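Being a predicted model, the structure only gives us computed values, none of them experimental. Naming: A, B, ... by sequence-line order, numbering from 1 per chain.
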Number of protein chains: 2
Amino acid sequence: MSDVKNVVIIGSGPAGHTAAIYAARANLSPFMFEGYVMGGSAGGQLTTTTDVENYPGFPDGVEGPELMQLFRKQSERFGTEMVGEDVNEVDFSSRPFKVKSDNREVLAHSIIISTGATARRMGVPNEEKMWNNGMSACAVCDGALPMFRNQPLMVIGGGDTAVEEATYLTKFGSKVYMVHRRDELRASKIMQERAFKTPKLEIVWDTALEDAVGQDYVTGAKIKNLKTNEVKEVEVAGIFYAIGHTPNTSVFKGQVDLDATGYIKVKPGTQETSVEGVFAAGDVHDHKYRQAVTAAGTGCAAALEAERWLAEKSIG
Amino acid sequence: MSDVKNVVIIGSGPAGHTAAIYAARANLSPFMFEGYVMGGSAGGQLTTTTDVENYPGFPDGVEGPELMQLFRKQSERFGTEMVGEDVNEVDFSSRPFKVKSDNREVLAHSIIISTGATARRMGVPNEEKMWNNGMSACAVCDGALPMFRNQPLMVIGGGDTAVEEATYLTKFGSKVYMVHRRDELRASKIMQERAFKTPKLEIVWDTALEDAVGQDYVTGAKIKNLKTNEVKEVEVAGIFYAIGHTPNTSVFKGQVDLDATGYIKVKPGTQETSVEGVFAAGDVHDHKYRQAVTAAGTGCAAALEAERWLAEKSIG
């Protein structure tokens with residue numbers, strides 16, 4: 001079965017490309033479905049990020065799309081075969097595994113799933129225009145940018161992540177509004193306590209974001225009280241969504257075990273999924289760290305595990 | 001207690017500097033003991049590596065020391081305070097934690113241990129005397145010395161590193177013996193292929209080093225065939241160990257839980273050690289992947305965990 005690929009990598013963010021670099025250097029001739037629309041686009045969430053200042057090795061920062069191009073060039077250099085197609089269907093119930101796009105069906109001895117997650121957005125009218133110009137879905141990535149220093153900021157959401165991000169932003173902003181549509185937080189008790197006692201953090205209850213305000217970048221937020229229907233404008237330099245992420249796993253439902261929120265489950269201390277020979281890396285299994293460098297690290301780990309697993313089976 | 005640091009990072013490889021970048025960007029003003037002699041030198045094992053081709057983001061490769069300089073520059077840029085001193089003693093039994101070098105004692109609310117691992121030696125009779133007089137654990141550091149030029153050389157080991165170092169040494173020596181105690185290599189496929197096709201590289205199977213031979217410097221190696229028990233002397237000017245690593249954890253014994261081989265134990269799925277507020281990252285807790293990018297990933301994770309832990313405790 002010489003037309004069976006050793007490793008098929010699904011997804012092309014930092015996890016996917018790092019897996020490809022390691023798999024290619026292990027002479028496994030990896031095949032990658034880069035994706036097209038699933039998860040935003042090929043290249044993952046970094047392609048929708050401007051300045052990346054926390055990926056180690058780039059002391060002066062690097063643009064997200066540029067970093068993704070570097071990753072891609074590196075996996076290409078070592079011989080990764082790539083197609084810019086979304087995977088529509090997989091069959092992990094028999095071996096070799098089957099992976100299908102609109103254009104092809106590929107057979108695979110092993111699989112690395114790195115389709116990432118998508119930050120939820122609200123779709124307010126100015127969102128597209130203001131994205132990266134004061135609107136963001138990642139406080140840890142963007143909070144330290146000069147544009148937010150000593151400015152009033154706003155976080156949308158009421159869960160643990162929202163509290164975490166709002167607390168984080170109080171280090172930089174002059175004040176942080178946490179806008180939540182209910183009159184109580186969904187956050188855990190410990191996180192709620194934290195929210196209540198954090199100076200500079202003000203929770204705005206029963207309220208939803210109507211729109212971002214500004215010319216070239218965010219200068220305010222239009223918010224609506226859902227009980228009184230009162231709409232008002234608040235001066236802020238940043239609006240941060242913290243309304244959750246959706247892992248891009250719809251195509252894997254029923255094929256590998258997912259947790260209650262749809263993330264792929266891996267065995268602790270490994271990148272192994274519930275199906276032997278199928279590995280996961282990056283945000284598709286990680287709702288805790290979600291950084292480019294953590295995704296890259298697990299991509300490397302997944303490739304090393306796949307390589308060792310194939311070697312054990314005398315494949316590849 | 002304004003003189004208590006929020007985060008003290010011990011070690012300055014990819015894990016330590018990535019932790020520093022994240023901690024600094026979270027406004028935690030991290031303090032780093034870069035180390036001096038422990039673990040080789042500040043900067044970790046990368047500083048003794050030439051071409052790094054698998055760190056994602058550098059499609060044309062990068063020199064190890066150059067990559068470490070980039071990491072260091074990045075943590076410096078965000079305000080990490082660094083001292084080039086080894087830690088001699090720690091006390092994690094009471095809070096704040098205490099971290100001591102020859103020159104200072106630093107108090108810390110949280111700790112990130114990233115002291116890495118050190119190349120192993122065999123302890124043959126003449127080793128101490130011949131160390132740096134023809135014996136080395138780092139071909140990349142020492143291989144280019146005039147004493148080794150156009151001389152026969154020897155590498156001990158059969159893993160990836162052994163192949164890497166032996167290949168490297170063929171640039172300088174007239175011939176390189178790779179002495180391995182088994183009849184097959186532990187090295188990965190790509191490395192094995194490289195070993196088999198490298199001119200001037202000869203693998204000596206089923207054989208162990210008995211001793212180094214020489215007066216003031218190495219002139220030969222006594223080796224023993226483990227199947228026939230035959231001992232013979234081979235003329236070589238250099239003997240290079242490539243037989244694995246020991247985690248740099250002696251200073252942490254009795255302070256955090258270590259596994260049987262001395263690696264720091266972390267709770268699965270976290271970077272938490274047995275002491276709350278003390279985290280580990282990189283090769284000091286990882287004997288499985290040991291790559292720059294996996295170390296960096298866990299450094300990031302450790303910093304995010306430290307940040308969240310401090311926030312819970314309302315510190316920092």
Nearest heavy atoms of [X] and [Y], plus distance in Å:
X: A/Gly269; Y: B/Tyr289; value: O-OH, 3.7 Å
X: A/Ala301; Y: B/Thr294; value: N-CG2, 4.3 Å
X: B/Leu67; Y: A/Gly57; value: CD1-CA, 4.4 Å
X: A/Cys300; Y: B/Gln291; value: SG-CG, 3.7 Å
X: B/Lys73; Y: A/Pro59; value: CB-CB, 3.9 Å

Heavy-atom distance under 4.5 Å to chain A: side chain of [X], backbone, both or neither?
X: B/Glu307; answer: side chain
X: B/Arg77; answer: side chain
X: B/Glu193; answer: side chain
X: B/Arg308; answer: both

Side-chain contact test, heavy atoms from C-beta onward, threshold under 4.5 Å: evaluate it for [X] versus [Y] and give yes or no.
X: A/Leu28; Y: B/Lys189; result: no
X: A/Phe71; Y: B/Phe58; result: no
X: B/Tyr22; Y: A/Val140; result: yes
X: B/His17; Y: A/Pro56; result: no
X: B/Phe78; Y: A/Asn54; result: no

Rounded to the nearest 0.5 angstrom, the OH-OG1 distance for A/Tyr55 and B/Thr18 is 9.0 Å
First locate atom OG of B/Ser314, then atom NZ of A/Lys197, and finally report the distance between them rounded to the nearest 0.5 Å. 3.5 Å
Using a 4.5 angstrom heavy-atom cutoff, name the option from A/Thr298, A/Leu304, A/Thr167 with the most pairs to chain B. A/Leu304
Between A/Ala24, A/Gly297, A/Gly299, who has the most heavy-atom pairs with chain B when the cutoff is under 4.5 Å? A/Gly297
Determine whether more than 12 heavy atoms belonging to other residues, nucleotides or ligands lie under 6.0 Å from atom NZ of B/Lys267. yes
Using heavy-atom distances under 4.5 Å, tell me whether A/Arg194 contacts chain B through its side chain, its backbone, both, or neither. side chain
Non-hydrogen atoms of chain B under 4.5 Å away: do they reach the side chain of A/Thr170, the backbone, both or neither? neither
Is the closest basic N to carboxylate O distance between B/Glu305 and A/Lys288 below 4.0 Å? yes
Could you tell me whether a side-chain N or O of A/Lys171 sits under 3.5 Å from a main-chain N or O of B/Ala26, the two making a donor and an acceptor? yes
Are the side chain of A/Gln74 and the backbone of B/Glu53 linked by a donor-acceptor contact shorter than 3.5 Å? yes
